[in-house]
Amino acid sequence: MNYLDQLNPPQREGVVNTEGATMIIAGAGSGKTRVLTFRIAHLMRAHGVDPFSIMSLTFTNKAAKEMRERIEKEVGNEARNLWMGTFHAVFAKILRFECDKLGYPSNFTIYDADDTKSLIKTIVKEMQLDDKLYKPNAVYSRISNAKNSLVSWQEYINNPMYKADDEAANRPMLGEIYKRYVVRCFKAGAMDFDDLLFNTNVLFRDHPDVLHKYQHRFRYVLVDEFQDTNVSQYLIVKKLAAVHQNICVVGDDAQSIYAFRGANIQNILNFEKDFPDCRTIKLEQNYRSTSTIVNAANGVIAKNQGQIKKDVWTANAEGEKIDLISAASDGEEARLIAQGIFESKMQNQWHNQDFAVLYRTNAQSRSLEEALRRANLKYKIVGGLSFYQRREIKDLLAYFRIALNPNDEQAVVRSINLPKRGIGPGTVDKIRVFAAEQSVDLWTALQQCRMYLPGRAANAVDGYVTMIKAMQVDVQKYDAHEAAQKIAKASGLMRELFADKTVEGVSRYENVQELLNAVKEYVDNEENEDKSLDAFLQEVSLLTGVDQAQDDDPDVVTLMTIHMAKGLEFRHVFLTGLEEELFPSTMMMESREDLEEERRLFYVAITRAEQKLTMSYAMTRYRFGKLVNCEPSRFLEEVEPGLLNVAKKSKQVSFGNAAPGGSFDRPSGIGGGFATGTGASGASYAKNLVQRPVPSRKPVPAHKASADFTASNPADLAEGQKVEHAKFGFGNIVQLDRQGAAPKAKVNFDNVGEKTLLLSFAKLRIVE
DNA sequence: TTCAGCAAAGTTTTT
DNA sequence: CTTTGCTGAA
């Protein structure tokens with residue numbers, strides 16, 4: 001068995017000991033994916049285990065796909081039959097079979113974060129609560145935490161501890177919101193992400209026969225990235241493995257970076273309690289990185305108190321020192337990074353794909369993108385706004401959803417007046433009120449609109465209902481692609497987008513075409529047995545940023561958040577924005593645990609690098625359009641100075657008296673670590689650098705527009721064009737900006753002076 | 001109901 | 001800097 005020869009002793013132990021409970025603590029770059037793939041291959045090849053009885057849970061769909069491909073190489077296409085995917089995807093699949101037992105329709109909708117937030121918003125509004133206090137994000141994170149800890153709304157309301165907490169936070173109605181939210185989702189036949197796990201737990205708890213079935217089906221359960229599982233997830237796998245006890249979890253407590261989502265390192269400790277005979281294996285040899293990088297990472301993570309003892313080491317060469325770039329601004333930082341990539345490419349004969357630029361927040365990608373574009377370096381952004389989160393895509397998906405589940409409230413709200421059908425928010429409210437008062441389905445309320453709506457609105461709603469009914473027929477009759485095309489056409493969305501000849505309009509139309517292509521691809525893919533639109537939608541709603549179809553050109557620089565980079569590796573990593581308040585993030589700085597999670601994030605970032613690491617920070621950065629002063633991150637001080645190579649590129653920056661071994665200049669009272677203890681540390685010394693003058697507002701003289709005034713198509717506008725505005729009179733276009741989501745024109749008006757107008761809002765008529 | 005125009009608020013990380 | 005939400009006019 002030659003594959004066993006490719007492994008070191010602990011790795012081999014992890015592969016061949018397939019029976020019983022196993023916990024593999026795998027240091028960064030120690031080959032845990034390799035162990036996991038070989039373990040599964042070994043099960044199938046050496047023990048003849050049926051792939052249908054192996055469940056392997058990963059963190060992203062992409063990880064699952066890669067692992068499946070690697071296993072396929074070992075065992076052939078039988079690997080297809082493995083149950084492999086994210087927790088959410090795998091249990092959504094199981095729930096589809098079983099959820100009638102919980103009272104859900106089998107084609108239940110999955111609400112994404114947008115749907116969830118907008119539902120919470122409407123509930124808060126309906127309860128007439130202060131939306132400043134009950135912000136959707138805050139409310140949802142509270143609900144989400146409850147669900148991930150398996151606290152139902154009943155338990156939540158009855159638990160005086162939660163009540164006290166909420167009252168202390170001035171949000172006494174949270175329990176009621178939780179209740180209404182759950183009820184509303186249930187009525188809409190919808191589950192949010194947390195429900196997929198919560199309801200799986202409910203299913204297994206209340207239906208022993210179902211649990212029994214799956215317990216016996218899955219003889220082997222494997223969990224990757226175990227450190228990032230929450231209580232809800234852990235209980236599911238614990239129950240599943242209770243019969244055969246063949247459970248293998250792989251993780252690294254040092255890389256736990258999802259506590260904000262309910263991930264619980266405690267699971268690792270619980271595991272040893274729940275499976276007392278468990279075999280614990282440590283993988284400590286790092287094969288990925290130079291010793292410089294491994295040592296730097298070790299030094300950093302050693303500052304954390306709570307961790308499992310581990311000694312990550314490497315036999316790799318020392319490699320280059322870690323470069324540290326200090327830039328005067330975020331713009332300069334980006335420029336120096338582009339330059340750094342260019343030089344590294346030349347010097348090492350590396351390609352674009354060998355580079356990754358990592359940052360803490362998505363907002364940081366803008367300046368980096370700009371610099372890379374200017375340097376002619378091809379790049380891709382992983383995550384951020386995914387294709388399926390674009391407005392036009394979500395609009396069309398909303399129609400798909402209604403055709404399958406006409407009670408999907410969020411989809412109805414989204415689509416009912418799009419394109420404009422004369423059904424405004426007032427009418428929508430009336431429909432909702434009727435549904436609530438008569439306690440009927442939303443779909444029933446829509447069909448009975450004549451009973452409570454005035455003629456004109458009722459006609460409009462009737463038209464909508466008729467259209468949906470036709471779509472429902474299409475979905476039953478055709479495969480996903482044909483149905484999707486018919487729905488896209490019938491909805492009127494295509495016509496509206498096609499008519500829009502602006503740059504953005506054209507690209508939106510193309511995006512919709514792209515979605516239809518994706519449906520086609522889905523239908524043509526032999527691996528997908530179920531060709532219905534329903535199946536396509538289920539798959540799509542669980543896609544993540546990393547899962548997206550890669551562009552045609554693989555040789556590109558990768559830009560992404562550190563979170564997205566987990567599990568990946570690159571020859572040369574640039575870690576940017578190492579500034580107090582940004583990284584570690586102010587929002588995270590409420591406790592020692594918070595700081596330690598940020599430090600683990602730093603650790604993850606460092607250990608992505610194979611050959612070379614470059615870190616950078618800027619002294620000033622734009623935030624909310626304001627220039628803000630920044631201080632170097634405390635994390636920089638935690639990197640052993642001997643491993644650092646401070647670039648001398650920027651003259652504006654001094655390191656104070658930072659002789660080797662010294663520390664960075666920092667205002668007194670801040671100190672290293674978290675001496676001040678409060679979340680406010682650091683906030684005191686970041687102040688606005690530039691006070692921008694408030695533009696004086698001139699009164700706008702009235703202008704009588706000509707009677708036949710009509711707006712020009714914004715696409716026809718050009719710089720230098722003479723135009724007339726309905727309100728401001730005549731002027732010349734000084735500058736056109738079609739870059740952003742909202743294109744703008746700067747116009748110099750004869751009477752009013754320069755004004756910047758959003759093109760979509762501008763009533764500009766071209767003057768010959 | 002729709003739309004232009006203006007004011008205010010918002011940016012952690014993700015399934 | 002962007003996006004969202006409100007308001008008054010048609």
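Values below: every heavy atom of this structure, side chains too, minus hydrogens, waters and symmetry copies. A, B, ... follow the sequence lines: proteins, then strands. Residue 1 opens every chain.
- Across all strands, A/Lys121 comes closer than 4.0 Å only to sugar-phosphate atoms, never to a base (heavy-atom distances).
- B/dT15 atom C1' lies 14 Å from atom CZ of A/Phe91, rounded to whole Å.
- Residues A/Arg401 and A/Leu537 form a side-chain contact, since some pair of their non-hydrogen atoms from C-beta on lies under 4.5 Å apart.
- C/dT4 atom P lies 15 Å from atom CG of A/Asp131, rounded to whole Å.
- Rounded to whole Å, the separation between the C1' atoms of C/dC6 and B/dT11 comes to 23 Å.
- As rounded to whole Å, 15 Å separates atom P of B/dT14 from atom CG of A/Asn61.
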Which atom pairs link the protein and nucleotides 9-12 of chain B when you take only N or O atoms and keep those under 3.5 Å?
from   : atom 1 : to       : atom 2 : distance (Å)
B/dT12 : O2     : A/Arg360 : NH1    : 3.3
B/dT12 : O2     : A/Arg360 : NH2    : 2.4

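- Atom OG1 of A/Thr58 sits about 6.5 Å away from atom CE of A/Met67, to the nearest 0.5 Å.
- Among the protein residues, A/Phe583 comes within range of no part of the nucleic acid, since none of its heavy atoms lies under 4.0 Å from any strand.
- Between A/Asn417 and the phosphate of B/dT2, there is a side-chain N or O to OP1/OP2 separation shorter than 4.0 Å.
- Checking C/dT2, B/dC3, B/dT14 against the side-chain heavy atoms of A/Lys420 singles out B/dC3 as nearest.
- Nearest nucleotide to the A/Thr427 side chain, out of B/dT14, C/dT2, B/dT1: B/dT1.
- Taking both residues in full, the closest heavy atoms of A/Tyr617 and A/Leu578 are given as CB-O, 3.1 Å, listed atom of the first, atom of the second, then distance.
- The aromatic rings of A/Phe108 and A/Tyr104 lie perpendicular to each other, with more than 60° between the two planes, well past the 30° mark.
- A/Lys62 places its NZ atom 16 Å from the C1' atom of B/dT15, with the value rounded to the nearest Å.
- Side-chain contact between A/Ile393 and A/Tyr388 is present, with at least one heavy-atom pair separated by less than 4.5 Å.
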